[in-house]
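Below: one structure, written as structure tokens.
Chain letters run A, B, ... following the sequence lines, proteins first and then strands; every chain starts at 1.
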Protein chains: 2
Amino acid sequence: MKTYSITEAAEHFNMTPHTLRYYDKEGLMPFIERTSSGRRVFKEADMEALKIIECLKSSGMPIKEIKHFIEWCSEGDSTLQQRYDMFLERKASVEAQMEELKKTMEVIEHKCSYYKTALDSGTEDIHKTKKVTGF
Amino acid sequence: MKTYSITEAAEHFNMTPHTLRYYDKEGLMPFIERTSSGRRVFKEADMEALKIIECLKSSGMPIKEIKHFIEWCSEGDSTLQQRYDMFLERKASVEAQMEELKKTMEVIEHKCSYYKTALDSGTEDIHKTKKVTGF
DNA sequence: GCTTGACTTAGAGTTAACTTTAAGTAATAT
DNA sequence: ATATTACTTAAAGTTAACTCTAAGTCAAGC
């Protein structure tokens with residue numbers, strides 16, 4: 001079975017070995033095994049767990065809460081409901097973020113055309129004078 | 001013309017007066033006028049500027065860069081191109097964030113159905129045994 | 001006239017998520 | 001055998017964006 005060193009794992013997720021050690025220290029990776037000399041060995045299952053950690057992180061979840069999820073995972077079936085609820089919450093949160101970004105995008109696009117018009121006429125004053133063509 | 005106290009302005013944007021003073025201190029609001037006793041007076045134009053500041057902030061722009069934009073605004077037409085370019089950049093950044101969120105959403109939705117299935121069968125093992133019905 | 005509450009300032013403190021440092025061990029390359 | 005590189009730990013430092021504290025001013029209500 002393929003395994004990864006900390007550097008390989010870090011490269012795979014576009015982060016530094018430092019960050020992976022930090023995650024481990026914060027309790028996000030209690031499952032990682034070590035070689036006899038103490039080095040971390042990342043297995044496929046660990047890479048899969050890292051993928052979920054990354055996903056939760058990009059959904060805006062703080063590391064301390066991700067840690068709770070990891071703990072639930074090692075507690076087995078008794079925490080299935082919590083874990084399901086957590087992902088439903090994440091889903092709602094990401095949906096809200098998407099909505100927020102849409103609103104932000106509307107304002108930005110408005111400003112893009114505002115500055116396009118200003119640039120074409122050479123001055124921002126075009127938006128104050130509201131020139132009417134044809135007179 | 002309607003004006004707002006710092007508390008009214010803060011409420012309007014769902015932040016605290018502290019935060020508005022912090023923005024002012026960081027150079028985001030060089031346009032704010034004061035009463036004879038030194039209190040900030042927020043005019044309609046200031047509220048409009050705050051709306052843009054909020055928009056840039058939700059697009060992920062750090063306060064120091066927003067400050068540059070504010071400086072460009074007071075430099076007049078000579079900075080129109082920079083400001084236009086900046087909003088184009090913001091647009092690209094928000095589009096990228098939306099893409100990222102979409103990918104995150106896919107993983108989350110997958111996990112939602114994973115845990116739904118597990119809950120229905122009472123155990124997470126259902127995903128390991130890959131039970132085939134009909135045999 | 002005095003209290004209350006909103007405002008002012010400068011500056012210190014907080015929090016999250018790294019990021020760096022220092023000091024050391026282990027495995028690999030020449 | 002030695003130099004380089006990858007790894008280990010504990011702990012301090014960094015950064016952004018607030019957030020709070022202390023000490024004080026000012027205007028309105030009773």
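- Classification of B:E95 and B:K91 as a salt-bridged pair holds, one side-chain N sitting under 4.0 Å from a carboxylate O.
- A heavy-atom distance below 4.0 Å to DNA chain D is reached by none of the residues of residues 46-70 of chain A.
- With salt bridges taken as basic N to acidic carboxylate O contacts below 4.0 Å, none links A:K103 and A:E106.
- Side chains of B:E89 and B:S93: a donor-acceptor N/O pair is absent below 3.5 angstrom, by distance only.
- Under the 3.5 Å distance criterion, with hydrogens and angles disregarded, no donor-acceptor pair is assigned to the side chains of A:Y115 and B:Q81.
- Between A:D24 and A:R21 no salt bridge is recorded (no basic side-chain N to carboxylate O distance below 4.0 Å).
- Classification of B:E54 and B:K57 as a salt-bridged pair holds, one side-chain N sitting under 4.0 Å from a carboxylate O.
- For the segment residues 33-40 of chain A, residues with any heavy atom less than 4.0 angstrom from an atom of DNA chain D are, sorted by number, A:R34, A:G38, A:R39, A:R40.
- As rounded to whole Å, 14 Å separates atom P of C:dT9 from atom CD of B:E26.
- For the residue pair B:R83/B:T79, the side-chain donor-acceptor check at 3.5 Å is satisfied.
- Rounded to an integer number of Å, the gap from OH of A:Y22 to P of C:dT15 is 14 Å.
- Side-chain atoms of A:H18 lie closest to C:dT20 of the nucleotides D:dC18, C:dC18, C:dT20.
- Salt bridge annotation for A:K67-A:E26: absent, with no cationic side-chain nitrogen under 4.0 angstrom from a carboxylate oxygen.
- In this structure, CD of A:E8 is placed 14 Å from C1' of D:dT5, rounded to the nearest angstrom.
- Comparing B:S5 and A:Y23 by the nucleotide of DNA chain C that holds the closest heavy atom to each, the one mapping nearer the 5' end is B:S5.
- Atom P of nucleotide C:dT19 and atom CE of A:M15 are separated by 11 Å, given to the nearest angstrom.
- In this structure, B:K25 places its NZ atom 11 Å from C1' of D:dA17, rounding to the nearest Å.
- Atom CG of A:L20 and atom C1' of C:dT19 are 14 Å apart (whole Å).
- B:I53 and B:F13 fall within the same hydrophobic cluster, where Ile, Leu, Val, Met, Phe, Trp and Tyr residues are linked whenever their side-chain heavy atoms come under 4.5 Å apart, directly or through other members.
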